[in-house]
Protein chains: 2
Amino acid sequence: MKELENTLLEKQINPTAMRLVVLDYLLKQTNAVSLTDMELGLEKTDRVTLYRSVKTFEEHGLVHRIDDGTGTTKFALCQPACTVDGHHDLHVHFYCTNCSETHCLPKTQIPEVKLPGGYERQETSLLVKGLCAECRK
Amino acid sequence: MKELENTLLEKQINPTAMRLVVLDYLLKQTNAVSLTDMELGLEKTDRVTLYRSVKTFEEHGLVHRIDDGTGTTKFALCQPACTVDGHHDLHVHFYCTNCSETHCLPKTQIPEVKLPGGYERQETSLLVKGLCAECRK
DNA sequence: AATAATTTGCACTACGATTGCAGGGCATAC
DNA sequence: GTATGCCCTGCAATCGTAGTGCAAATTATT
Ligand SMILES: [Mn+2]
Ligand SMILES: [Mn+2]
Ligand SMILES: [Zn+2]
Ligand SMILES: [Zn+2]
């Protein structure tokens, strides 16, 4: 698992046992996951440690947090462009109202929004709710 | 205060004393407000009653809820276009990272987003975080 | 006024997010 | 090899918001 270790090192994250496990888990997901998802998906993990692990990941540009309107924060791995300097990938997120899954749509970028005079943008997030491809079949 | 009463009646909301007070409060706000804001801004109110009042308002197209990423839901009055059939105003919301205020930007509509094949949209929300006009001065 | 329907207030529950702190692991210095 | 310090982990506990159940109060209907 040198691969995993290098991923962390590249983002200047100390590759501890716990963090390697968390990264491994995240790499296997196709949807954004909550802390509870991780807790259930991993053996013998403490919720708070998970919480702090993903927080560290987030601060180093390895994962991004997603607010899908459910009240439970979800997390997903970032595109390579993201660094410790910030998250530089402005893609749309999708929440399926049927299966309750949250997806990143990395190929769907958030369009430019022209703000009224005086406002200064720092971050933008766009969430679409609806039916995912699976649930529409 | 026939005015207030009519506003409620137009949306087919029973104009109780409590609801008139809540509507009056909302009309005076320039920002979106949380339940706690209302609770503090009004005398002698029960949080749960407020909760249910705005819920009713929301269901009848009088207010809309705003998720500004803080974890605390905010509420604001709708544009006239909204009815009991649904909220028909897709404007951008803005959260100021300095003063922590949340604004509706009714003149800034959410642009079209083309979803990948198979996805079906039901709702769209767009949140911009940054500095508001006041805080940038 | 009596009755029925709706609304309100209080108590209590649920749950995710977050903190404090003590103990464990690890690297480095001596 | 042992001591020192720093980072990481796990547990307990707290916080804050959302939400429910039910009885009492209010409002509408007859
Ligand atoms: Mn994403
Ligand atoms: Mn709004
Ligand atoms: Zn789905
Ligand atoms: Zn501001």
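In what follows, every heavy atom counts, from backbone to side chain, and hydrogens, waters and symmetry copies are set aside. Note on naming: letters A, B, ... go to the chains in the order of the sequence lines (proteins, then strands), and numbering restarts at 1 for each one.
No engagement by S34(B) is indicated, since no non-hydrogen atom pair under 4.0 Å with the nucleic acid exists. In this structure, R52(A) reaches the bases: a heavy-atom distance under 4.0 Å links it to at least one base atom across the strands shown. Residue T72(B) is classed as a sugar-phosphate contact, given heavy-atom separations below 4.0 Å to backbone atoms only.
For the OP1/OP2 pair of dT8(C) and a distance below 4.0 Å, the side-chain nitrogens and oxygens of T16(B) include at least one atom meeting the criterion. Regarding contacts with the backbone of dG10(D), a side-chain N or O of T49(A) is found under 4.0 angstrom from either OP1 or OP2. Not one side-chain nitrogen or oxygen of T36(B) sits closer than 4.0 Å to the OP1 or OP2 atom of dG16(D). OP1 or OP2 of dT7(C) has at least one side-chain nitrogen or oxygen of R19(B) nearer than 4.0 Å. Side-chain N/O atoms of N14(A) include one lying less than 4.0 angstrom from OP1 or OP2 on dC8(D).
Whole-Å rounding puts the K44(B) NZ to dT26(D) C1' distance at 13 Å. One can place CD of E58(B) at 12 Å from P of dA18(D), the figure rounded to the nearest angstrom. For the pair E39(B) CD and dA18(D) C1', the interatomic distance rounds to 13 Å; values are reported in whole Å. Summarising the geometry, the separation between NZ on K55(B) and C1' on dT17(D) is reported as 15 Å, rounded to the nearest angstrom. Distance OH (Y51(A)) to C1' (dG20(C)): 13 Å, rounded to an integer number of Å. We find that CG of L35(A) is positioned 13 Å from C1' of dC15(C), with the value rounded to whole Å. Rounded to an integer number of Å, the gap from CZ of R47(A) to P of dA12(D) is 15 Å. Between the CD atom of E59(B) and the P atom of dT7(C) there is a distance of 11 Å, rounded to whole Å.
Once rounded to the nearest 0.5 Å, the distance linking OG1 of T83(A) with NE2 of H60(A) reads 11.0 Å. In this structure, CG on D46(B) lies 7.5 Å from CD on E39(B), to the nearest 0.5 angstrom.
Using modelled atom types, one finds a donor on one side chain and an acceptor on the other under 3.5 Å when comparing D68(A) with T70(A).
With the nearest nucleotide of DNA chain D identified for both A17(B) and F75(B), F75(B) has the one nearer the 5' end. Nearest-nucleotide mapping onto DNA chain D: of K74(B) and D46(A), the residue sitting toward the 5' end is D46(A).
L27(B) and I13(B) end up in the same hydrophobic cluster when Ile, Leu, Val, Met, Phe, Trp and Tyr side chains are linked at under 4.5 Å.
Here dT20(D) is the nucleotide among dA18(D), dT20(D), dG10(D) with the atom lying nearest to any side-chain atom of V48(B).
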*Check step by step if salt bridge (Lys or Arg N to Asp or Glu O under 4.0 Å) holds for K55(B) and E58(B).*
CA-CA 5 Å; K55(B) 191 178 176 196; E58(B) 189 193 7; over 6 Å; no
